[in-house]
Novice: 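First the structure, then my questions, so here it is.
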Amino acid sequence: MREVTCLIVDDEPPMVQRLETYFGRWAERRMPFRLVGRAYSGAEALEKATELRPDLIITDIVMPGMDGIELVRQLRERLPGVEVIILSAYSDFAYAKQAIAMGVFEYLVKVPLREEDVRTALSKARDNVIAREEKERRLQSLSGSVKENSYRLRKHLLEELLRGEVSDPVMERRSAELVPGFEPRQYGCFAVRFDNYDVFCLEYSPADRNMLKYGMLNIIEEVLRENGSCFACELQQGVIVALATIRAGSEQSFDRNCYELGESIRDAIKTYLRISVSIGVSRMYNGWGSASAAYEEAKGALDDTFYASFGTVITPNRRLGYSESDWRELSERFEQVLERSSAKSSGGEALAPLLHVLHNHRIIPGKLLGYIEGWCARLRQRLLSADDEVTADVVIFADCTHLHQLVERLRVEWEKLHARAEGSGLRPEMAKAMRFVEDHLKESISLGVVADHIHLNPTYVSELFKKELGINFTDYVSKRRIERAIELLRKRDYSNLELAEAVGVHNEKYFCTLFKKITGTSPQKFVAASWRD
């Protein structure tokens, strides 16, 4: 129930006390009127009203110094939404006329003052407060809907423009309504992409993601409008596209200006939103009909950031070149390794040269990602049995935006497939025990629990681990926990405590000791060394 807050103003203490008594009784009956303060003069009332911001003020009209009429006048300037009920010992119509002209809600005569009259006036005032708030909510909702609808229309217009589905005359008319001030002369296209969109989606709720994207959009528009006009929206998931007019006397100065603007956008988003983005920029274009070409060029420049670090800006003068000879050599090396791969082959020795090839050859990113994904599917078929292949997780590479993400995902997939292939040659009970460990790494795992699961004696299961894997049960579980922690670290940064809990070790100090025992270094140093590699 909406409770209205009230402030009493009267220079006569007995009247104040009487009203307080009313409020006390109403509180006992759980009526929606709450007294938040009292004042004995107009000046004191003005100060308390500014501080307490009540919904309703009940005030005497005749008081020394500032009277009720002057109090209402000043309240209207400071708190225009507050409701006012006037109390007066006079029934003179002149006072009532002045009060009504100033928007006073009710005018009550104090002598005699009846509780029922005051309560009725408060109920009506409360209805007024609720109605006004509902109206404000609707207006606010309508304003938000108009903005959202305008944004959607702009996005739809940009999509049509980039597909070449709208003529210049139609574009001129619609852009005047949706992006007033933008002139398609000497403009460039900026494609701004999240460097790690999947992590962004994991860390934030949908509502928070929308808010942060809106913040990014505002930053991009603010930076670009310092140089000219712009036209921006999120064209696809994780990518904001902007057409922006750039002041420049030559292609060279255009490129330089675009690079500086790109750096400003990147730095502002990093500073204010803690989000890393990479940016691709097109050459100078003119006319609505060139927008599609400008966008394709910006996308191509954005693709080039695949071979750079996070937070890279690529302009036309900084574009990469791709050679067919690099593609042939890389695909040949991968095919050779695939041909030699088997369940009995050692994984690590063959993988290292492939990673070296990836780092030293430049292939069009889309082409490379499609090839690696298909190659991993064929490796899966080669290493696993039909039953194992069905249950194996299929790894997607298409969302890798940078080479190091591809490398890490390939490394994890390679290790998983070879580990599973090695396990497929074990005794069925052993493979079942290993799968149980994998599925319950986050939990407390004991030899007895595993033995119960596979219906064998714990001593026998202990001997199986030593015979089949050459390692005792406890060391195997510890090794798998740390390997799982390494997989997590390769996806994003974790604290030691987060890592420990994620792999079922509930003591941070012990986890760090175990990690160093198995890897020879701490989690943080291990990650730093991995990035250098």
Side-chain angles (χ1 to χ4, degrees), residues 191 193-199 201 236-239 278 280 296 299-308 320-425 438 483 486-487 490-491 530 533:
R193 183 192 60 209
F194 287 80
D195 277 326
N196 220 336
Y197 191 69
D198 55 342
V199 172
C201 291
Q236 63 188 73
Q237 209 172 54
V239 179
S278 290
E296 290 301 322
K299 281 201 306 181
L302 190 58
D303 285 345
D304 287 354
T305 66
F306 183 84
Y307 291 101
L320 297 180
Y322 300 102
S323 74
E324 190 61 28
S325 61
D326 273 5
W327 162 245
R328 285 197 301 270
E329 185 174 344
L330 180 140
S331 56
E332 286 173 5
R333 295 289 294 277
F334 269 79
E335 293 303 318
Q336 289 169 5
V337 169
L338 182 65
E339 286 297 318
R340 293 195 297 266
S341 294
S342 68
K344 296 181 180 180
S345 65
S346 174
E349 296 173 1
L351 179 63
L354 292 183
L355 300 184
H356 180 77
V357 169
L358 283 171
H359 280 293
N360 289 279
H361 291 69
R362 293 290 177 264
I363 315 298
I364 296 171
K367 185 176 182 179
L368 176 64
L369 293 172
Y371 173 76
I372 296 298
E373 190 168 306
W375 185 86
C376 283
R378 289 186 288 137
L379 179 66
R380 191 180 301 112
Q381 292 173 346
R382 192 174 185 86
L383 295 182
L384 304 182
S385 66
D387 289 341
D388 263 358
E389 188 187 343
V390 169
T391 59
D393 293 331
V394 176
V395 178
I396 304 299
F397 291 85
D399 61 344
C400 293
T401 58
H402 290 76
L403 178 62
H404 71 262
Q405 293 171 325
L406 167 65
V407 167
E408 290 308 308
R409 202 167 292 185
L410 177 60
R411 191 201 306 270
V412 170
E413 174 70 352
W414 176 275
E415 291 173 355
K416 281 184 177 179
L417 289 177
H418 277 81
R420 193 155 186 166
E422 290 169 11
S424 64
E438 288 300 308
E483 287 171 348
I486 290 170
E487 290 176 17
R490 284 172 175 161
K491 293 179 180 177
S530 297
D533 295 340

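Throughout, numbering of the chain's residues begins at 1 and tracks the sequence. Keep in mind the model is a prediction, meaning the values are calculated, not measured.
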Novice: Run the side-chain contact (heavy atoms from CB on, under 4.5 Å) test on Tyr371 and Leu330 for me, step by step, so that the C-alpha distance in whole Å, both residues' side-chain angles and the decisive distance to 0.1 Å come before the verdict.
Specialist: CA-CA 10 Å; Tyr371 173 76; Leu330 180 140; 4.3 Å; yes

Novice: Which distance, rounded to the nearest 0.5 Å, do you find between the CG of Leu383 and the SG of Cys376?
Specialist: 10.5 Å

Novice: Please name the pair of heavy atoms, one in Leu406 and one in Leu368, separated by the smallest distance, quoted to 0.1 Å.
Specialist: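 Nearest heavy atoms, Leu406 then Leu368: CD2-CD2, 3.7 Å.
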
Novice: Quick check: closest heavy atoms across Gly280 and Ala301, and the distance to 0.1 Å?
Specialist: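 Distance-wise, the nearest heavy atoms are CA-CB, 3.8 Å.
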
Novice: Might you point out which heavy atoms bring His402 and Thr305 nearest each other, and give the distance in Å?
Specialist: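 Answer, listing the atom of His402 first, then Thr305: CD2-O, 3.2 Å.
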
Novice: For residues Ile364 and Trp327, determine if any side-chain heavy atom of one lies less than 4.5 Å from a side-chain heavy atom of the other.
Specialist: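 The answer is no; the side chains never approach within 4.5 Å.
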
Novice: Sequence neighbours left out, what passes side-chain contact (heavy atoms from CB on, under 4.5 Å) with Glu339? Give chain and number order.
Specialist: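 By the side-chain contact (heavy atoms from CB on, under 4.5 Å) rule, Glu339 matches Arg382.
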
Novice: Just by modelled atom types, is the Arg362 backbone N or O under 3.5 Å from a matching donor or acceptor in the Asp326 side chain?
Specialist: yes

Novice: For residues Arg411 and Leu355, determine if any side-chain heavy atom of one lies less than 4.5 Å from a side-chain heavy atom of the other.
Specialist: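 Answer yes - side chains close enough.
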
Novice: List in chain and number order the residues that pass ring-ring contact (aromatic ring centres under 6.0 Å, His included) with Phe306, two or more places apart in sequence or in another chain; answer none if no residue qualifies.
Specialist: none

Novice: Rounded to the nearest 0.5 Å, how far apart are CD of Glu324 and CD1 of Ile363?
Specialist: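 Reported to 0.5 Å precision, the distance equals 8.0 Å.
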
Novice: Measure the spacing between NE2 of His356 and NE2 of His361 and express it to the nearest 0.5 Å.
Specialist: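 So the gap between those two atoms works out to 8.0 Å.
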
Novice: Quick check: do Glu335 and Trp375 have side-chain heavy atoms less than 4.5 Å from each other?
Specialist: yes

Novice: Could you pull out the closest heavy-atom pair between Glu373 and Phe397, with the gap in Å?
Specialist: OE1-N, 2.9 Å

Novice: Is the shortest side-chain heavy-atom distance between Tyr197 and Asp399 below 4.5 Å?
Specialist: no

Novice: Any donor-acceptor pair under 3.5 Å linking the side-chain atoms of Thr401 with those of Gln405?
Specialist: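 Yes, a side-chain donor-acceptor pair sits under 3.5 Å.
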
Novice: Quick one: pull up CG in Leu410 and CG in Leu369 and give me the separation to the nearest 0.5 Å.
Specialist: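 The CG atom of Leu410 sits 11.0 Å away from the CG atom of Leu369.
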
Novice: Please report the closest heavy-atom contact between Arg409 and Asp198, naming both atoms and the distance.
Specialist: NH2-OD2, 3.9 Å

Novice: Heavy atoms only: give me the nearest Ser278-Asp195 pair and the separation to one decimal.
Specialist: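 Answer, listing the atom of Ser278 first, then Asp195: OG-OD1, 2.6 Å.
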
Novice: Counting C-beta onward and ignoring hydrogens, is there a side-chain heavy-atom pair between Glu413 and Leu379 closer than 4.5 Å?
Specialist: no

